[in-house]
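Everything below concerns the one structure shown next.
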Amino acid sequence: MPLLFRIALQLVGLLFSFLGWILSIITTYLPHWKNLNLELNEMENWTMGLWQTCVIQEEAGRQCKDFDSFLALPVELRISRILMFLSNGLGFLGLLVSGFGLDCLRIAERQRDLKKRLLLLGGVVLWMSGITALIPVSWVAHITVQEFWDETVPDIVPRWEFGEALFIGWFAGFSLVLGGSLLNCVACCTETTLPSGHYSVAEIQVQCP
């Protein structure tokens, strides 16, 4: 694979991964995992996140209350907190490791095998970060659908619906998976040895933007 094309794919993969990581952090703290619209009072909307519940009123504005106890939360919210923290940590680690494996970075420029291993490891960690972000978002969405179509609940009772954070979380997870997959593909297509045992002059002159 040509050097410039390889570097371009690495930067694109890193960009997708960074975007997914930022969105994953936003998803973790955004109080919009679930939305509740009251038909009897259209001027009042409720939102729920992993950390707090908010009510939005036309006159009083937004008022939020943190959850009192972690153990009192539904099991899906408890596990989602843990998995989202894990996803954010893996995303940071994956970005750090894969960053040192970029071909345009002149750190360890003659150790191509080491850079390939770093890039491959970073891609795998970023891929795991994306999967770890998709699991809680999809789980909460599944529970929301089940509760929405629960026939044992009277129709007059308001039901929770998908919040904006779920869609942001899905986009974040898929971005991390795509970015990690691109980095893995580039790493697998990278030759670890050169006839001269060193970079060519053209390769040494290429640096990250």
Side-chain angles (χ1 to χ4, degrees), residues 1-33 49-52 77 79-141 162-192 199 203-209:
M1 182 184 295
L3 175 66
L4 293 178
F5 182 66
R6 190 168 70 237
I7 291 177
L9 286 181
Q10 289 175 357
L11 294 178
V12 170
L14 203 65
L15 179 62
F16 271 109
S17 301
F18 181 75
L19 175 63
W21 179 62
I22 294 296
L23 293 178
S24 177
I25 295 176
I26 294 175
T27 302
T28 304
Y29 296 100
L30 196 65
H32 291 277
W33 283 58
L50 300 180
W51 306 94
Q52 59 187 2
L77 295 185
I79 301 300
S80 294
R81 279 190 185 185
I82 298 172
L83 290 178
M84 290 306 296
F85 270 126
L86 181 60
S87 173
N88 296 337
L90 289 174
F92 176 76
L93 180 62
L95 288 170
L96 187 64
V97 173
S98 58
F100 285 110
L102 294 177
D103 285 335
C104 58
L105 207 64
R106 304 196 64 176
I107 299 177
E109 60 184 8
R110 297 186 178 181
Q111 301 177 4
R112 302 193 65 178
D113 185 62
L114 175 61
K115 293 176 75 71
K116 176 181 178 180
R117 292 176 184 273
L118 288 175
L119 193 64
L120 187 61
L121 177 61
V124 171
V125 174
L126 288 168
W127 192 87
M128 292 173 57
S129 173
I131 296 298
T132 311
L134 289 173
I135 291 175
V137 173
S138 301
W139 188 8
V140 172
F162 289 174
E164 294 84 352
L166 295 183
F167 299 98
I168 298 176
W170 275 320
F171 189 80
F174 285 121
S175 295
L176 285 165
V177 170
L178 177 60
S181 300
L182 280 175
L183 294 176
N184 287 337
C185 291
V186 175
C188 292
C189 296
T190 301
E191 297 179 359
T192 58
Y199 280 114
E203 289 180 336
I204 293 177
Q205 292 176 347
V206 177
Q207 300 182 8
C208 295

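The structure presented is a predicted model; accordingly, all values stated were derived computationally and were not measured.
- With rounding to the nearest 0.5 angstrom, the CG atom of L126 is 5.0 Å from the CG atom of L95.
- The two atoms that bring L120 and C188 nearest to each other are CD1-SG, 4.2 Å, heavy atoms only.
- If you check the side chains of T28 and W51, you find no donor sitting under 3.5 Å from an acceptor.
- Closest non-hydrogen pair, L23 versus I168, comes out as O-CG2, 3.9 Å.
- For the pair S98 and L102, the minimum side-chain heavy-atom distance is 4.5 Å or more.
- Taking both residues in full, the closest heavy atoms of W21 and N88 are given as NE1-O, 2.9 Å, listed atom of the first, atom of the second, then distance.
- In this structure, CG on L119 lies 11.0 Å from CG on L114, to the nearest 0.5 angstrom.
- Taking both residues in full, the closest heavy atoms of S80 and L50 are given as CB-CD2, 3.7 Å, listed atom of the first, atom of the second, then distance.
- Minimum interatomic distance between G179 and F16 (heavy atoms only, all atoms of both residues): CA-CB, 3.9 Å.
- Counting heavy atoms from C-beta outward, V137 and W33 have side chains that approach closer than 4.5 Å.
- S87 approaches S24 most closely through the heavy-atom pair OG-OG, 3.5 Å.
- No donor-acceptor distance shorter than 3.5 angstrom exists from the side chain of S129 to the backbone of V125, with no hydrogens or angles considered.
- A 4.5 Å side-chain heavy-atom check between I26 and I22 finds at least one atom pair inside the cut-off.
- Once rounded to the nearest 0.5 Å, the distance linking NZ of K116 with SG of C189 reads 8.5 Å.
- Taken to the nearest 0.5 Å, the CG atom of L11 stands 11.5 Å off from the CG atom of L182.
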Q: Kindly indicate, with the supporting measurements, whether the criterion side chain to side chain contact (heavy atoms under 4.5 Å, CB included) is fulfilled by F18 and L14.
A: CA-CA 6 Å; F18 181 75; L14 203 65; 5.8 Å; no
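- Between the CG atom in L118 and the NZ atom in K115 there is a gap of 8.0 Å [rounded to 0.5 Å].
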Q.
Under the criterion side chain to side chain contact (heavy atoms under 4.5 Å, CB included), I'd like the reasoning laid out for L176 against W127: C-alpha separation, chi angles, the key distance, then a yes or no.
A. CA-CA 6 Å; L176 285 165; W127 192 87; over 6 Å; no
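- Note: I135 CD1 to L83 CG = 6.0 Å, rounded to the nearest 0.5 Å.
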Q: Any chance you could lay out the side chain to side chain contact (heavy atoms under 4.5 Å, CB included) test for F162 and V140, step after step, and finish with the verdict?
A: CA-CA 9 Å; F162 289 174; V140 172; over 6 Å; no
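- Put simply, the side chain of D113 reaches to within 4.5 Å of the side chain of R117, judged on heavy atoms.
- With S175 contributing its side chain and F171 its backbone, the two residues share a donor-acceptor pair below 3.5 Å.
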